[in-house]
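In what follows, a structure is listed as structure tokens, so that the remarks can point back to it.
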Amino acid sequence: MRISTFRLALATLMVLAPAWSIRAQPAPPGPTLAAVKQKGLLDCSANQGSPGFGVPDSRGEQQGLDPDICRAIAAAVLGPDARIRWTVLTSQARIPALQSGQVDLVARTFTWTHSREINAGLQFGPVAFYDGQGFLVHKSSGVTAAAQLEGAAICVTAGSTNELNLADWARTNRMDVRPVVFENNEDTRKAYISSRCDAYTLDASQLAGFITSLPRGENVILPDIISKEPLTPAVRKGDPQWFDIVRWTFHALVLAEELGVTRSNVDSMLGSANPDVRRLLGVSGDHGPAMGLDKRWAYNAIKAVGNYGEIFRRHLGEDSALGLPRGLNALWNKGGLMYAPPMR
């Protein structure tokens, strides 16, 4: 009885097998993809100024990790001549701008949280940077640990997870601190510089960027980290195709680093015999058309900005003023958490 059942199941699989091998048909554009193609550009968030993550250059063009994520997605969708319209957003304005359709994507030091995803109707892609919240103090204060901030006035930006984390940390540790809240990061930074606050709390990587603009040796980032800050690009919930495009474009940048595909060698890698490289670059498979994109979607993204490691090195790592170590943001096979699913 068991043998007959097994043979019947095997025969059924053999009949159905050809259907599984049929190539994916090109997907029709969903609402966001159709709108982006009609406009001929991607509407993306921009930061007011966060070294390493998003700052305007001398021409007003956004430079940093987050802008390069936008550029990669724009290239994947619109090709090598993709255009981006940048909208500068405060921490408080990010969510309404995305909800209303003012922007197609928020990549702006945006922490993935339960309430933002569930209550605000957003959907977060892969983590682009693993971070945590820290404190910056004036060296002259003599403070060397967060536990010494009892009674301190602490600068923080409104509408950020930093504001909420500070309140939780103070409550948990029974600390009496005085949050001094400002509408945007620029005002918060100015307040700290003018000593209106005893400390400034922000994601540690952003503090590392900020301190490069201050007189050398006069400020100290404390060793304490009081939160998890998974910084992640986000889209509106309800458009699964657009979410797939954003998610898999970032995965493609990580896979490119893992496979040794760079901005400078991507053309020669089109001739690679490695099946993983061939699928990534669209030489084989229909991964792009399955999302409504060209076969060369990932090739275009990599050609535009390089792989994840190149982006990190350029804006945050050894080639930047910040000089941050990769740490948790290294590839999974080099001790970090950057891990992309296979493209098969």
Side-chain angles (χ1 to χ4, degrees), residues 45-57 62-70 89-91 94 106-113 116 124-137 146 154-157 159-166 169 184-186 188-189 192-193 199-214 216 219-234 250 253-254 257 305-331 334-339:
S45 61
N47 206 311
Q48 293 169 299
S50 181
F53 291 92
V55 292
D57 62 17
Q62 287 282 316
Q63 302 297 336
L65 173 69
D66 291 332
D68 273 0
I69 291 174
C70 288
L89 299 171
T90 64
S91 296
R94 292 175 297 190
V106 167
R108 185 203 168 284
T109 54
F110 204 13
T111 300
W112 181 3
T113 70
R116 285 173 174 172
F124 288 81
V127 177
F129 190 90
Y130 292 91
D131 210 345
Q133 184 172 335
F135 296 93
L136 180 69
V137 298
I154 302 179
C155 284
V156 66
T157 302
S160 65
T161 54
N162 303 132
E163 183 183 13
L164 303 176
N165 293 336
L166 177 62
W169 171 79
N184 56 64
N185 284 336
E186 184 61 27
T188 312
R189 287 191 286 264
Y192 173 79
I193 292 171
Y200 178 20
T201 187
L202 185 67
D203 296 352
S205 62
Q206 294 180 61
L207 291 177
F210 175 49
I211 203 172
T212 61
S213 66
L214 301 178
R216 184 183 296 272
N219 298 272
V220 177
I221 299 175
L222 301 181
D224 308 81
I225 298 295
I226 66 170
S227 73
K228 293 183 295 183
E229 301 297 323
L231 305 182
T232 313
F250 184 79
L253 302 179
V254 175
E257 181 183 7
V305 298
N307 63 42
Y308 179 80
E310 290 179 281
I311 297 170
F312 189 102
R313 185 170 60 251
R314 182 164 62 242
H315 299 299
L316 299 165
E318 58 265 36
D319 293 347
S320 74
L322 278 68
L324 296 179
R326 288 288 292 268
L328 295 178
N329 298 291
L331 292 177
K334 294 185 178 179
L337 298 178
M338 283 297 163
Y339 186 106

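Remark: D319 CG to E310 CD distance equals 10.0 Å, nearest 0.5 Å. Within the model, atoms CG of L89 and CZ of R94 stand 9.0 Å from one another, a figure rounded to the nearest 0.5 Å. Rounded to the nearest 0.5 Å, atoms CG (L207) and OG1 (T212) are 11.0 Å apart. The structure places CG of L65 at 11.0 Å from OG of S320, a figure rounded to the nearest 0.5 Å. Atom CG in N329 sits 7.5 Å away from atom CG in D131 (nearest 0.5 Å).
Residues V254 and L331 form a side-chain contact, since some pair of their non-hydrogen atoms from C-beta on lies under 4.5 Å apart. With a 4.5 Å cut-off on side-chain heavy atoms, T188 and V156 do not count as touching. At least one side-chain heavy atom of F110 sits less than 4.5 Å from a side-chain heavy atom of R116. Between Y308 and M338, some side-chain heavy-atom pair lies under the 4.5 Å cut-off. A 4.5 Å side-chain heavy-atom check between I69 and V305 finds every atom pair outside the cut-off. The side-chain heavy atoms of P67 and F53, taken from C-beta on, include no pair separated by under 4.5 Å. At a threshold of 4.5 Å between non-hydrogen side-chain atoms, the residues F129 and L316 count as touching. At a threshold of 4.5 Å between non-hydrogen side-chain atoms, the residues V127 and L231 do not count as touching.
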ask   = Going through the distances and angles, do I226 and F135 end up as a side-chain contact (heavy atoms from CB on, under 4.5 Å)?
value = CA-CA 9 Å; I226 66 170; F135 296 93; 3.7 Å; yes
task = Test R314 against D68 for salt bridge (charged side-chain N to carboxylate O under 4.0 Å, His left out), laying out the working first.
result = CA-CA 10 Å; R314 182 164 62 242; D68 273 0; 2.7 Å; yes
inquiry  = Apply salt bridge (charged side-chain N to carboxylate O under 4.0 Å, His left out) to residues D66 and R108 and explain how you reach the verdict.
reply    = CA-CA 6 Å; D66 291 332; R108 185 203 168 284; over 6 Å; no
inquiry  = Between V220 and L136, does the side-chain contact (heavy atoms from CB on, under 4.5 Å) criterion hold? Intermediate values first, please.
reply    = CA-CA 6 Å; V220 177; L136 180 69; 5.7 Å; no
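The side-chain tip of R326 points at the ring of F312 from less than 6.0 angstrom away and within 45° of straight on.
The closest donor-acceptor contact from the side chain of T232 to the backbone of P230 lies under 3.5 Å. Under a 3.5 Å cut-off, the side chain of Q206 and the backbone N or O of L202 do not form any donor-acceptor pair. Checked by atom type and distance alone, the side chain of S227 never pairs as donor or acceptor with a backbone atom of E229 at under 3.5 Å. Using modelled atom types, one side-chain atom of S45 and one backbone atom of A107 make a donor-acceptor pair closer than 3.5 Å.
With Q133 as the partner, the side-chain hydrogen bond (donor to acceptor under 3.5 Å, both in side chains) test is satisfied by one option alone out of D203, N165, T111, D224: N165. With T157 as the fixed residue, the side-chain hydrogen bond (donor to acceptor under 3.5 Å, both in side chains) test singles out one of N185, N184, N162: N185.
Of the N and O atoms on the side chains of T90 and Q48, not one donor lies less than 3.5 Å from an acceptor on the other residue. No side-chain donor from either of N219 and Y200 sits under 3.5 Å from a side-chain acceptor of the other.
Heavy atoms only, all atoms of each residue included: A204 and I225 are closest at CB-CD1, 3.8 Å.
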